[in-house]
Amino acid sequence: MTGKKLLLKALKDRRVKFIFGYTGGAIMPVFDEMEKMENFAFVMSRHEQGAAFMAQGISRASLSTQNPQVGVCMSTSGPGAMNLVTGIADAHMDSVPMIAVTGQVATGVIATDAFQESDVVGVMMPICKQTYMPLQAEEMEKTIHEAFYVATTGRGGPVVIDVPKDVQNELVGDDYAFDPETCRPHLPGYYYSPTPEREPLNRAIDMINKSERPVIFCGHGVINSNAGDLLRKFAEKVNIPVAFTFHGISAMPADHPLSLGMMGMHGTVEANKAIMESDLLISFGMRFDDRVTGKLDEYAANADVIHVEIDPSEIDKNVRTSVAINADVYRTLHVLVGDPMVSYKPRRRWLEKIAAFREIMAEDLKEEIEQGTGEDGRLLMKTIIHQLSNLTGGRDLIVSDVGQHQMMAARFYNYQTQNSWFGSGGAGTMGCSLPMAIGVKLARPNERVWSISGDGGFQMNAQELGTIMEHNIDLKIIILNNGYLGMVRQWQTFFFDGRYAGTPMRSPDFMFLAQAYGIPYRKVEKLQDVEPALQEAMECKGAIVLEFVCDPAEVILPMVPAGCGFDEMMVKHPNKKK
């Protein structure tokens, strides 16, 4: 048996169905073997970065299904492998398990600057959980199985396997045998503690029962461990409101009475004010990054912190904890929900105070959404997202790109389906939406998927319309076109005296682009046409592109300026009197 066949055999054993990628000289033997085996559905991206985001999408969306899959992408050596870097770094920041297999030049010419050679292991090492370069075919199967174990155990993340071309073709002796069922990876220094210890749990329960103004934090770990239902049950059991990180959105219904919405730089007023006035923060599966905390020395200064986190390196990294529980979020919540010592408290004063926080911007936002257009008559993103939410009942899957529209989609869509919100968080990678949405749709083919991008992000990976065309993928594609890099423009409006350096953007006629790929298209400029266009997309059998012409002056508030504390949160446009 050859190395390439062992590689594919191991992927088949791991129930991999889809492989995303782009072929080339150094990975050609694997592709040839894949064609002969007929066990995989190969999806050719139009750029390797797209393949990495497609793999992310299938990993993330399938987590909450009965058949979770680990996304796999493949590329050739040199530029092919380097084009995967952004998507792999993005997965690493957002704790997404995936496997990247790259071809490499033959072992005899490694480190000689051979044609299309690059140091894949050296480049990838800082941006993934583990890198491998099997130098013998007999290592191949073990390497693949170990890579899957590392990618999916504990805090998820990407693993890269760089395979020299001659190793792909190398024959293994007849006496070779590998049993994945009995193999257990030997990984010195790799510790995994899924079950919470009783002593810190008891201290946490005592703090929860005594607290008067507690807030629960829901991070990506809740989504990744499929613990959304348990989180809701726990919040209801203790009667404590829940604030969500960017990646925690959709863990429980957005309109739940205890939901505070998203926290942080563009979080809701009620979430941020509750955090600043709380006496206890109960954090599940999050890393307290700077977009969540603002100025650290002022962050929740009077609150104790309970931090439940699978990755011990995140505990006490940014925010000092009072009780640290290094364990799996699902198992911890399972214990807390069933523990008779955890008690319910009415917390009437606290919940009344939060209700008052909710009113601070509520009327302004309602008025803006109902108005639907800016001063120049162009559409508001808030209104488009709000109408989309109403039409879908908040049940569809939303894949956002990065920028101002991303915060609109996070804030104004009423998420009702668990694990229905996808995007790039930690890395903030523009161009992620269209390819990621392809992976999401393939993972959950019976659900409607919307890819929402700005005009800037859409053009970064617009070529993936070719993948959608070739595979007849049913995606609803929204372009919110305001002629600018919207989020940067907002910062320039607030903090750079309105000097829009490098943000105005002239776009092509998206109608001709969509038509070139055989995809229906509709342009929307008037408020009365928004709902019919969205309805048309919902009823369309197959992909469709909707372009909405939006107001460039629209802003997303509240906003906590970079380097500031939550007490400096902006709730009014600084350049407007009203």
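These numbers come from a predicted model, not from an experiment.
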Within the 6.0 Å centroid threshold, strictly below: Trp421 and Phe246
yes
For residues Tyr299 and Phe566, establish whether the separation of their ring centroids is below 6.0 Å.
yes
Can you tell me how far SG of Cys73 sits from CG of Asn83, rounded to the nearest 0.5 angstrom?
11.5 Å
Between Arg46 and Glu470, is there a salt bridge with N-O shorter than 4.0 Å?
yes
Using a strict cut-off of less than 4.0 Å between a Lys/Arg side-chain nitrogen and an Asp/Glu carboxylate oxygen, indicate whether Lys366 and Glu363 qualify as a salt bridge.
no
What I want to check is whether the side chains of Thr467 and Glu464 have a donor and an acceptor closer together than 3.5 Å.
yes
Using ring centroids (six-membered ring only for Trp), state whether Phe42 and Phe40 fall under 6.0 Å.
no
Arg155 and Ser95: side-chain donor and acceptor closer than 3.5 Å?
yes
side-chain hydrogen bond (donor to acceptor under 3.5 Å, both in side chains) assessment of Gln418 paired with Ser250
CA-CA 5 Å; Gln418 280 193 42; Ser250 79; over 6 Å; no
Between Met430 and Asp401 the two heavy atoms that sit nearest each other are CA-OD2, 3.3 Å
Please report the closest heavy-atom contact between Cys564 and Glu568, naming both atoms and the distance.
CB-OE2, 3.4 Å
Could you tell me how the ring of Trp491 sits relative to the ring of Phe495: parallel (under 30°), tilted (30 to 60°) or perpendicular (over 60°)?
perpendicular
For residues Ala362 and Arg358, report the shortest heavy-atom separation together with the two atoms involved.
CB-O, 3.4 Å
Between Asp94 and His247, a side-chain donor and acceptor under 3.5 Å:
yes
Salt bridge check, Lys572 against Asp364: does any charged N sit closer than 4.0 Å to a carboxylate O?
yes
Assess, by modelled atom type and distance only, whether the side chains of Asn414 and Gln416 contain a donor and an acceptor separated by less than 3.5 Å.
yes
Ring centers of Tyr500, Tyr484 separated by less than 6.0 Å
yes
Do Glu554 and Asn482 meet the criterion of a side-chain donor-acceptor pair at a distance under 3.5 Å?
no
Are Asp90 and Thr429 close enough that a side-chain donor and a side-chain acceptor fall under 3.5 Å?
yes
Salt bridge (charged side-chain N to carboxylate O under 4.0 Å, His left out) assessment of Glu536 paired with Arg522
CA-CA 9 Å; Glu536 178 186 345; Arg522 180 168 176 177; 2.7 Å; yes
Taking Glu277 first and then Lys273, would you say they form a salt bridge - that is, a charged N and a carboxylate O separated by under 4.0 Å?
no
Salt bridge or not for Arg378 and Asp376, using N-O below 4.0 Å?
yes
Is there a side-chain hydrogen bond (donor to acceptor under 3.5 Å, both in side chains) between Thr503 and Gln492 once you walk through the steps?
CA-CA 9 Å; Thr503 49; Gln492 290 170 330; 2.9 Å; yes
